[in-house]
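Just so it is clear: chains get the letters A, B, ... in the order the sequence lines come, proteins before strands, and each one is counted from 1. Bear in mind that the values here come from a model prediction, so they are computed numbers and not experimental data.
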Amino acid sequence: MKRRLGLAVLLMLSAALRCRSASPPGKPVLIGCRSPEKETFTCWWEPGFNGGLPTRHRLFYEKEGSEEVHECPDYWSAGKNSCFFGKEQTSIWVEYSLTVVAFNALGNTSSDLFKIDDVMKIVKPYTPENVTVLVNDTANTPYLCVSWNHPPKVDTKSGWTTIKYELRVQKEDNKPEIFHPNKKNSFKVYNVDPGATYTVDMRCQLDQSSWSEWSTASVVKIPNYFQNEKPFWILVSIFSVIPLLATICIVVLKRKFVKQWLLPPVPGPKIRGVDVQLLKSGRAEDVINALIGNQNFPPAAAWMDQTEEYLLVSDSNDWLLTDPYISQKKKSLVIPAGVQLEIQCRTSAPAQSDCENAEVGKDGKVEPDHLAQTKESVLNVAAPSVSSGSKEAASGNAAGPTGYVGIQQHKGTQGAGPNAAQWDYSWVKEVNGETIFILKNEDAAAGWTVPGWEENTAADYSRVKEVNGDDVVLLQKHDSADSSCKKKEDRSAEWTNQKAKSRHGSDCGKGACLQIAGNGYVDSVPRFYVE
Amino acid sequence: MTAHIRPVCAVWVGMVCLVFCSRLSGMKAASICGNAQAECHFLSLANLFDRVIQHSARMHGISNDLHSEFELYFLPSKNQVSRVGRNCHTSNILTPNGKENAQRIEREELTEVIMKLLAAWRDPLWHFHQSVARNHRFNGYGSNKSLEMSDMAHELRKGVQKVVEKMQTLGVISNSVGGLASPEALLAADGSGWRFMKDSDLLYCFRRDSNKIQNYLKILKCRIVPEHGC
């Protein structure tokens with residue numbers, strides 16, 4: 001009994017529970033509608049809670065301009081919870097009002113009104129079909145050739161819809177590029193880089209409608225052409241570098257030659273007949289000969305007219321007498337300044353009063369004249385300045401070193417040449433007309449001393465040793481302080497070395513040998529010579 | 001010599017002008033093709049169609065812009081109730097609402113529909129522009145657009161008339177189209193129904209009708225000269 005009651009209660013409770021769970025269906029919601037080709041469209045809804053009971057949904061619509069309510073013609077073509085409107089039911093430029101109603105055993109629930117202003121607004125085509133991308137690599141300029149078909153069921157031929165395509169090309173991870181092809185089925189993309197990977201996809205649009213989804217992307221890789229050409233370029237670069245290096249080596253090693261070839265040196269000036277090397281390294285004599293040798297100097301005949309015979313004055317009559325030749329001559333001398341002059345005078349006859357006196361005139365001219373009784377017949381007549389000096393000396397004035405005369409002292413030696421004679425210099429004491437008075441040495445020594453002349457003049461003046469011939473006067477280097485022959489000879493030898501070659505060397509005896517031009521005093525440097 | 005140059009130049013210039021003017025006037029009357037080739041005539045018809053279609057596309061674009069702007073500024077909240085009362089003044093013109101319908105009807109009928117639509121919108125558009133300019137309701141952009149829209153509708157109508165004439169000369173359509181009483185007479189009975197339309201409804205209706213015109217022109221072209229870009 002109690003069991004039956006318990007069971008009944010249980011059954012009633014379960015029944016009651018079941019009754020309370022059932023309810024009218026929940027409110028469905030219309031999600032949206034879409035027309036893929038502007039000829040049909042589909043709408044979808046979302047059902048609500050079914051209330052625990054089997055629920056059925058129905059769609060009702062109204063068109064603009066008519067109050068008639070229509071029901072969805074096709075619930076199955078487009079899947080569950082959808083309504084497909086075919087071509088007959090679809091009207092463009094017409095407003096639709098849609099409602100979905102859910103039915104179950106307990107009741108029904110309507111969704112909110114869903115209005116479609118214009119089917120044109122819900123047009124969204126499918127993606128383009130068969131999008132294929134090919135890489136064309138003719139003539140080393142690769143490009144992509146993209147081809148496609150129109151989306152399914154779209155009528156593009158009747159002019160009902162105008163389809164527009166959009167192509168998207170993305171290089172690796174860069175920003176994608178958008179193209180709008182004009183053609184219906186193909187498009188070429190030219191700005192592609194070899195070796196890069198590209199992703200291509202497309203979408204389309206009908207008459208300014210919404211764009212379709214992007215098609216499935218095609219990925220292509222463009223072959224790298226430079227890799228094929230790499231070995232070629234490597235070879236080319238190697239073959240061009242080798243000659244370049246060789247050229248550089250040649251230039252560096254032979255840079256002198258190259259420099260000479262590029263910048264030839266400017267030739268220096270050249271004198272005919274003169275050797276540059278000789279001038280650089282040769283001796284002075286050679287240089288002078290080289291320079292002068294080619295030239296023809298005018299002969300020095302002019303001087304010849306002016307020069308006169310040398311006069312040798314000696315204080316030994318014997319010596320004078322040995323040579324009668326000269327006494328015949330009577331010439332005048334032109335004495336240049338500063339030159340000592342030794343005048344040799346001879347007389348033809350010993351008996352005659354000796355030699356000619358050499359008188360130093362005012363103008364320097366010395367005229368041989370008869371000597372007076374004086375035995376000092378060797379005179380060294382000085383230059384015109386000397387003459388004045390000698391005159392002054394004669395007048396007792398202290399003259400400079402130029403006022404002395406060199407006297408050859410022949411102490412009784414006959415015929416002895418002036419070689420053995422001692423030369424001595426004495427002051428001219430007095431020039432009296434035709435007579436030149438010479439001071440004795442002792443006088444000179446006692447009278448006065450000319451400061452510094454002993455050491456100075458000994459080397460500066462040269463003594464005439466001998467007169468040979470008409471115009472040759474042999475000089476001897478005089479050293480009053482030193483009487484040794486050897487030293488004299490040395491000195492003269494030394495002196496000779498300083499000279500150029502003498503023109504009349506054959507007449508030279510021992511000692512110095514020099515040509516002078518007509519005066520007894522000779523400088524150490526010959527100024528000219530007389531033929 | 002110089003005294004003669006001036007009158008000679010003037011005479012020469014005058015002659016040149018005469019020649020040009022005669023040429024221009026001649027060009028108005030004569031077609032490019034001349035009388036001979038049929039292909040050339042059809043090609044020129046296709047060109048005319050292209051121009052007209054382009055024009056209508058532009059007109060539809062402007063109307064779309066204006067309508068969007070109007071909705072943005074003046075109707076921020078979508079009031080679905082008010083739409084129930086929407087009624088375009090061209091609703092009485094029977095227009096094909098689908099592709100099959102448009103392909104089924106006769107060319108002449110399709111052409112007539114186009115002409116009717118264009119004729120029906122000439123006055124309302126002008127009126128609309130006047131009210132916009134007078135009341136300064138839109139900004140400068142809107143005022144310009146309304147004037148442009150009105151002008152374009154006017155020009156499109158003239159262009160379509162030219163196309164119709166061309167088709168009639170070619171024998172593509174019968175001469176009954178032009179022979180009808182002018183569309184204005186047909187609409188005269190409807191009169192001024194459009195005057196009471198709201199601006200929003202006017203813009204909405206014209207946007208739809210301009211789309212219809214564009215589509216019908218495309219269909220007509222592809223029916224008559226299909227080989228030239230359909």
Side-chain angles (χ1 to χ4, degrees), chain A residues 30 35-41 61-67 69 73 85-99 111-123 125 150 153-164 181-185 205-210, chain B residues 46 49-50 53-54 56-58 60-61 63-65 67-68 71 78-88 90-104 110 117 204-205 207-230:
Chain A
L30 270 163
S35 169
E37 76 284 75
K38 211 166 106 181
E39 291 171 40
T40 64
F41 70 100
Y61 67 93
E62 280 179 33
K63 277 181 153 180
E64 177 188 344
S66 129
E67 298 290 332
V69 178
F85 292 83
K87 289 185 184 181
E88 272 71 26
Q89 294 87 28
T90 307
S91 300
I92 314 296
W93 306 297
V94 168
E95 195 180 61
Y96 281 79
S97 303
L98 304 169
T99 312
S111 67
D112 291 334
L113 195 65
F114 186 83
K115 279 205 172 181
I116 301 171
D117 277 345
D118 194 348
V119 176
M120 288 291 293
K121 290 206 163 183
I122 59 167
V123 172
H150 62 80
K153 296 181 189 170
V154 170
D155 186 359
T156 54
K157 308 262 172 162
S158 62
W160 178 242
T161 56
T162 305
I163 192 160
K164 227 180 350 179
N182 286 329
K183 283 191 195 172
K184 287 183 184 179
N185 295 315
Q205 180 196 49
L206 293 177
D207 286 350
Q208 316 295 328
S209 70
S210 317
Chain B
F49 263 115
D50 283 335
I53 289 165
Q54 243 179 355
S56 67
R58 171 127 178 89
H60 173 63
S63 69
N64 202 15
D65 293 342
H67 179 255
S68 311
E71 275 200 338
K78 278 204 172 181
N79 202 348
Q80 291 184 7
V81 180
S82 65
R83 288 196 186 173
V84 175
R86 183 183 291 145
N87 207 358
C88 295
T90 53
S91 305
N92 54 354
I93 302 173
L94 287 171
T95 59
N97 287 332
K99 185 179 95 172
E100 285 77 19
N101 291 344
Q103 281 179 328
R104 243 179 264 147
L110 193 57
L117 283 171
Y204 178 86
C205 291
R207 184 174 67 100
R208 206 161 67 174
D209 284 346
S210 61
N211 200 5
K212 278 186 188 176
I213 291 164
Q214 183 185 6
N215 254 144
Y216 295 154
L217 283 168
K218 281 190 205 171
I219 288 172
L220 203 60
K221 180 202 170 185
C222 285
R223 276 170 75 171
I224 293 170
V225 278
E227 59 274 5
H228 299 289
C230 268

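- In terms of heavy atoms, A:W93 sits closest to B:R208 at O-NH1, 3.4 Å.
- Looking at A:T162, the atoms closer than 4.5 Å to chain B (heavy atoms on both sides) sit in the backbone and in the side chain alike.
- Looking at B:E100, the atoms closer than 4.5 Å to chain A (heavy atoms on both sides) all sit in the side chain, from C-beta outward.
- Across all their heavy atoms, B:Q103 and A:S158 have their closest contact at NE2-CB, 3.0 Å.
- Heavy atoms of B:K221 lying under 4.5 Å from chain A are absent altogether.
- Interface check for chain A: of the options B:N97, B:N101, B:L217, the most heavy-atom pairs under 4.5 Å are formed by B:N97.
- Going from atom CZ of B:R207 over to atom CE of A:M120 covers 9.5 Å, rounded to the nearest 0.5 Å.
- The CG atom of A:D155 sits 3.0 Å away from the NZ atom of B:K99 when rounded to the nearest 0.5 Å.
- Applying the 6.0 Å contact sphere to NZ of A:K184 captures more than 12 heavy atoms from other residues, nucleotides or ligands.
- The greatest number of non-hydrogen atom pairs below 4.5 Å with chain A, out of B:S91, B:A102, B:G98, is found for B:G98.
- Contacts of B:N211 with chain A are made by both backbone and side-chain atoms, with heavy-atom separations under 4.5 Å.
- The residues A:D207 and B:K218 are annotated as salt-bridged, a charged nitrogen and a carboxylate oxygen being separated by less than 4.0 angstrom.
- Heavy-atom neighbours of A:K164 NZ from other residues, nucleotides or ligands within 6.0 Å: at or below the threshold of 12.
- In this model, a donor atom of one side chain and an acceptor atom of the other lie less than 3.5 Å apart for A:K38 and B:N215.
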